[in-house]
Amino acid sequence: NAEYMGGGSRSTYMTDKFFVPPKDSISPYFCRECGALLTLNNVGSTVACRVCRAETPLAAFQDRTVTTRRSYTNVAVTNIGRAKRPTVQETCSRCGHGEMEYYTMQLRSADEGQTVFYECVVCGYIYSLNS
């Protein structure tokens with residue numbers, strides 16, 4: 001099921017699931033049949049595509065160089081702190097302070113309520129309630 005999607009001398013086809021560029025424009029690091037990225041960890045004379053099982057001669061990768069670059073930016077970070085959470089008038093069962101921060105997480109299935117976590121702003125004690 002290939003549908004013609006292009007014009008001119010370089011035709012492009014759309015298959016059921018894959019966009020397949022013209023065979024003459026595909027890099028040897030991509031499958032010449034389906035355009036999938038090839039994994040070059042095979043040992044042997046060919047590299048097999050994991051998607052369509054087409055084989056590419058290992059010689060197609062000879063004398064190829066892969067260059068990667070990373071760029072890091074030094075950033076001076078000062079006064080790193082925890083984000084301020086909302087507070088509620090709730091008494092800490094450990095130290096008795098009357099104010100606690102709270103946050104919620106969905107730990108159970110989607111049709112059940114969230115879990116509410118309370119953290120004391122003085123002693124750091126945390127407890128949870130299922131809502």
Side-chain angles (χ1 to χ4, degrees):
N1 284 343
E3 178 183 341
Y4 180 68
M5 298 293 289
S9 62
R10 302 186 79 179
S11 62
T12 304
Y13 290 88
M14 184 69 92
T15 64
D16 289 341
K17 293 187 179 186
F18 301 104
F19 168 76
V20 182
K23 290 183 181 183
D24 61 345
S25 70
I26 298 178
S27 160
Y29 295 107
F30 295 92
C31 177
R32 295 190 181 280
E33 296 300 318
C34 71
L37 183 64
L38 294 175
T39 305
L40 301 179
N41 58 2
N42 299 358
V43 177
S45 61
T46 62
V47 176
C49 176
R50 292 182 296 167
V51 176
C52 72
R53 305 288 185 223
E55 294 187 354
T56 302
L58 196 56
F61 305 101
Q62 186 174 352
D63 299 325
R64 296 277 179 175
T65 302
V66 176
T67 304
T68 59
R69 293 188 178 114
R70 284 197 181 163
S71 176
Y72 296 98
T73 303
N74 292 329
V75 178
V77 180
T78 58
N79 197 13
I80 296 177
R82 188 167 51 88
K84 182 76 174 146
R85 295 184 185 139
T87 59
V88 64
Q89 298 302 315
E90 183 77 26
T91 302
C92 175
S93 62
R94 180 177 286 167
C95 73
H97 186 70
E99 184 179 53
M100 298 187 85
E101 294 180 338
Y102 69 94
Y103 57 97
T104 62
M105 295 177 80
Q106 186 68 40
L107 300 178
R108 297 173 290 154
S109 63
D111 63 340
E112 297 185 37
Q114 295 181 345
T115 302
V116 181
F117 292 90
Y118 294 93
E119 183 174 353
C120 180
V121 296
V122 173
C123 71
Y125 176 68
I126 299 174
Y127 73 93
S128 64
L129 292 175
N130 291 320
S131 63

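We use all heavy atoms of the structure for the numbers below, so side chains are in, but hydrogens, waters and symmetry mates are not.
Side-chain contact between Phe117 and Thr104: absent, with no pair of heavy atoms (C-beta onward) separated by less than 4.5 Å. Considering only heavy atoms from C-beta on, Tyr127 comes within 4.5 Å of Met100 through its side chain. Using a 4.5 Å cut-off on side-chain heavy atoms (C-beta onward), His97 and Val121 make contact.
The main-chain N or O of Gln114 is found under 3.5 Å from a side-chain atom of Ser131 such that the two form a donor-acceptor pair.
Smallest separation of non-hydrogen atoms from Cys52 and Glu33: SG-CB, 3.8 Å. For the residue pair Cys123 and Cys120, the shortest heavy atom distance occurs at N-SG, 3.4 Å. Shown here for Cys92 and Cys95, the closest heavy-atom pair between the two residues is SG-N, 3.4 Å. For the residue pair Glu55 and Thr46, the shortest heavy atom distance occurs at OE1-OG1, 3.4 Å. Residue Gly96 comes nearest to Thr91 through the heavy atom pair O-CG2, 3.6 Å, listed as atom of the first residue, atom of the second, then distance.
Evaluation of the ring pair (Phe, Tyr, Trp, His ring centres under 6.0 Å) rule for Tyr125 yields no partner, not counting sequence neighbours. With sequence neighbours left out, the ring pair (Phe, Tyr, Trp, His ring centres under 6.0 Å) criterion links Tyr102 to no other residue. Checked against salt bridge (Lys or Arg N to Asp or Glu O under 4.0 Å), Glu112 has the following partners two or more places apart in sequence or in another chain: Arg108.
To the nearest 0.5 Å, atom CD of residue Glu101 and atom OG1 of residue Thr87 are 7.5 Å apart. Annotation: the span from Ile126 atom CD1 to Tyr118 atom OH amounts to 13.5 Å, rounded to 0.5 Å.
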Handout entry: Worked check of side chain to side chain contact (heavy atoms under 4.5 Å, CB included) between Glu90 and Glu99
Key = CA-CA 5 Å; Glu90 183 77 26; Glu99 184 179 53; over 6 Å; no
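Residues Leu37 and Val47 fall within the same hydrophobic cluster, defined by Ile, Leu, Val, Met, Phe, Trp and Tyr side chains chained together at heavy-atom separations under 4.5 Å.
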